[in-house]
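What follows is a set of notes on a single structure, which appears directly below.
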Number of protein chains: 2
Amino acid sequence: LLEFRGVSKHYRLGEAQVRALDGVDLHVELGEYVSIMGPSGSGKSTLMHLLGCLDTPTEGNYRLDGVDIETLSGDALAEVRSTKIGFVFQSFNLLPRLTACSNVELPLAYQGVPRTERRARALTALERVSLAKRAFHRPNELSGGERQRVAIARALVVEPAIVLADEPTGNLDSRVGDDILELFDRLHATGVTIVVVTHSEEVARRAQRIIRLRDGRVERVEVVRPR
Amino acid sequence: LLEFRGVSKHYRLGEAQVRALDGVDLHVELGEYVSIMGPSGSGKSTLMHLLGCLDTPTEGNYRLDGVDIETLSGDALAEVRSTKIGFVFQSFNLLPRLTACSNVELPLAYQGVPRTERRARALTALERVSLAKRAFHRPNELSGGERQRVAIARALVVEPAIVLADEPTGNLDSRVGDDILELFDRLHATGVTIVVVTHSEEVARRAQRIIRLRDGRVERVEVVRPR
Ligand SMILES: Nc1ncnc2c1ncn2[C@@H]1O[C@H](COP(=O)(O)OP(=O)(O)OP(=O)(O)O)[C@@H](O)[C@H]1O
Ligand SMILES: Nc1ncnc2c1ncn2[C@@H]1O[C@H](COP(=O)(O)OP(=O)(O)OP(=O)(O)O)[C@@H](O)[C@H]1O
Ligand SMILES: [Mg+2]
Ligand SMILES: [Mg+2]
């Protein structure tokens, strides 16, 4: 389903070149649950942004669902992002002037979903992350873990085929974090493909495979449970 | 050293009142290492902002080093914040147009430290969090865990008497996270007062006492190790 072949991402900073990703081969099957681990700065978020079509590789090839991503137009890429992929950002990326509910409604608004239905689906999504009582707070009126959960609700509200979650439990206590992971388990059971970046071994082991990065490369892959 | 008596923090949102903190009594001794735990939304960051003189209570009294905080002028409060307290924010609060190094230099610039000395101290602080090689990147050219470490370096560069760190290892892998905690241990050994908010029991147990919040109140206090 998701396939990287020789994918690199380089940044130029003045004279220096930063190799955030350096020749990565990996694949994620349809319906698989994979976690990604590695030291801070090893390229995990960069990899997730490429998987989510939010950025393009400097070198190499990314094939998503049989389509080479480089061949897609800007519009087609936006279409893939908004209908197939739910992305939970490491730093949440909520719109500061919108309430939690409006932030969660946004992807549905892009899809032209009517207002009453959007509102209902957004409130349901917030309820699933135990945030219904904060639906009309703005991001600066929310705690760190509450913002993180709004970001999760927003990613899930379009019912995407692929969920890409960049450290989704980093700001959550263990009870609320477990609720989120159980939610991911239930989604996975319905056939959703899930990729989670995490710094916690315990969280990583909820997946079927763990891909470990180091210095922009795949260091090794572990099978946690067979398919 | 740090004493709350009956401290509350309420927010008004339209008709509703949110009690982020609700009648909190607590104390932290000079030179003590305390951690704060509790569910997402239980009031930890609110408590830290009050401890750090970044905000004022709605009710109750905060005495810092024998001084009632309500009696201090805006200037005097700013003085306390910039000289006595190093604050690591849960969402980092870096200035986006400054490099990591300039972000770390900022508190020293406020204190009138000359440019060459500021630069040297900032680079040393970045080195202590293993970030010397990213000193001239801007925040959007850094990973999540790298931004977190810039925030830590900035808090420590003024050599404060009190370090308030709101989830300082949330975005870090275990190796880098342990380095940060060992740095805090070394500071504590020199007499620095340390308060760390964390969602990890393991991180919390590095402290001498754990204060547990629930729904804006102190639920209980555990002694981890005697003074
Ligand atoms: N400006 C505000 N207006 C209204 N409510 C607020 C405001 N700021 C915070 N809150 C609410 O106060 C409560 C406590 O917030 P706080 O940030 O202290 O929680 P926390 O314990 O740090 O949580 P987390 O672990 O998720 O970071 C939250 O439920 C939040 O929604
Ligand atoms: N725009 C940029 N310009 C230069 N370097 C960059 C840029 N963006 C990221 N980097 C560098 O690329 C490396 C990989 O970044 P990335 O965000 O993928 O790391 P990460 O594995 O997600 O780390 P963390 O666990 O800390 O979130 C980092 O060392 C970072 O400094
Ligand atoms: Mg990252
Ligand atoms: Mg908080």
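Letters A, B, ... are given to chains in the order of the sequence lines, protein chains preceding strands, and every chain is numbered from 1. Because the structure is a prediction, the values reported are computed rather than measured. Heavy atoms only: backbone and side chains are in, while hydrogens, waters and symmetry mates are out.
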- For atom CD of B:E59, is the number of surrounding heavy atoms from other residues, nucleotides or ligands below 6.0 Å larger than 12? yes

- Which residue out of A:D166, A:T46, A:V18, A:L172 racks up the most heavy-atom pairs below 4.5 Å with chain B? A:L172

- Query: Just wondering, are more than 12 heavy atoms of other shown residues or ligands nearer than 6.0 Å to CG in A:D25?
  - Reply: yes

- If you count heavy-atom pairs under 4.5 Å between each of B:V176, B:T198, B:N171 and chain A, which one has the most? B:N171

- Query: Should the heavy atoms of other residues, nucleotides or ligands under 6.0 Å from CD of B:E70 be counted, would the total exceed 12?
  - Reply: yes

- Message: Return the OG to CG distance between B:S42 and A:D173, rounded to the nearest 0.5 Å.
- Response: 7.5 Å

- So which of A:Q148, A:Q90, A:R134 has the biggest tally of heavy-atom pairs under 4.5 Å with chain B? A:Q90

- Query: Would one find more than 12 heavy atoms of other residues, nucleotides or ligands at under 6.0 Å from atom CD of B:E219?
  - Reply: yes

- Item | Any donor-acceptor N or O pair under 3.5 Å, side chains A:S40, B:R175 | no

- Task: Identify which of A:P39, A:G43, A:S200, A:G177 forms the greatest number of heavy-atom pairs closer than 4.5 Å to chain B.
- Result: A:P39

- Message: Quick check on A:S91 against chain B: is it the side chain, the backbone, both or neither that has a heavy atom closer than 4.5 Å?
- Response: side chain

- Message: A side-chain contact here means heavy atoms from C-beta on lying under 4.5 Å apart; do A:T169 and B:H199 qualify?
- Response: no

- Message: Take a 6.0 Å sphere around CZ of B:R217 and say whether it holds more than 12 heavy atoms from other residues, nucleotides or ligands.
- Response: no

- Message: Counting neighbours of CG on A:D185 that are heavy atoms of other residues, nucleotides or ligands and sit closer than 6.0 Å, is the number greater than 12?
- Response: yes

- Item | Toward chain A, the part of B:E141 with a non-hydrogen atom under 4.5 Å | side chain

- Note on the structure: Honestly, the part of A:E167 sitting under 4.5 Å from a heavy atom of chain B is side chain

- For the candidates A:K44, A:R149, A:M37, which exhibits the highest count of non-hydrogen atom pairs separated by less than 4.5 Å from chain B? A:R149

- Message: To the closest 0.5 Å, what do you measure between CG (B:L142) and OG (A:S45)?
- Response: 11.5 Å

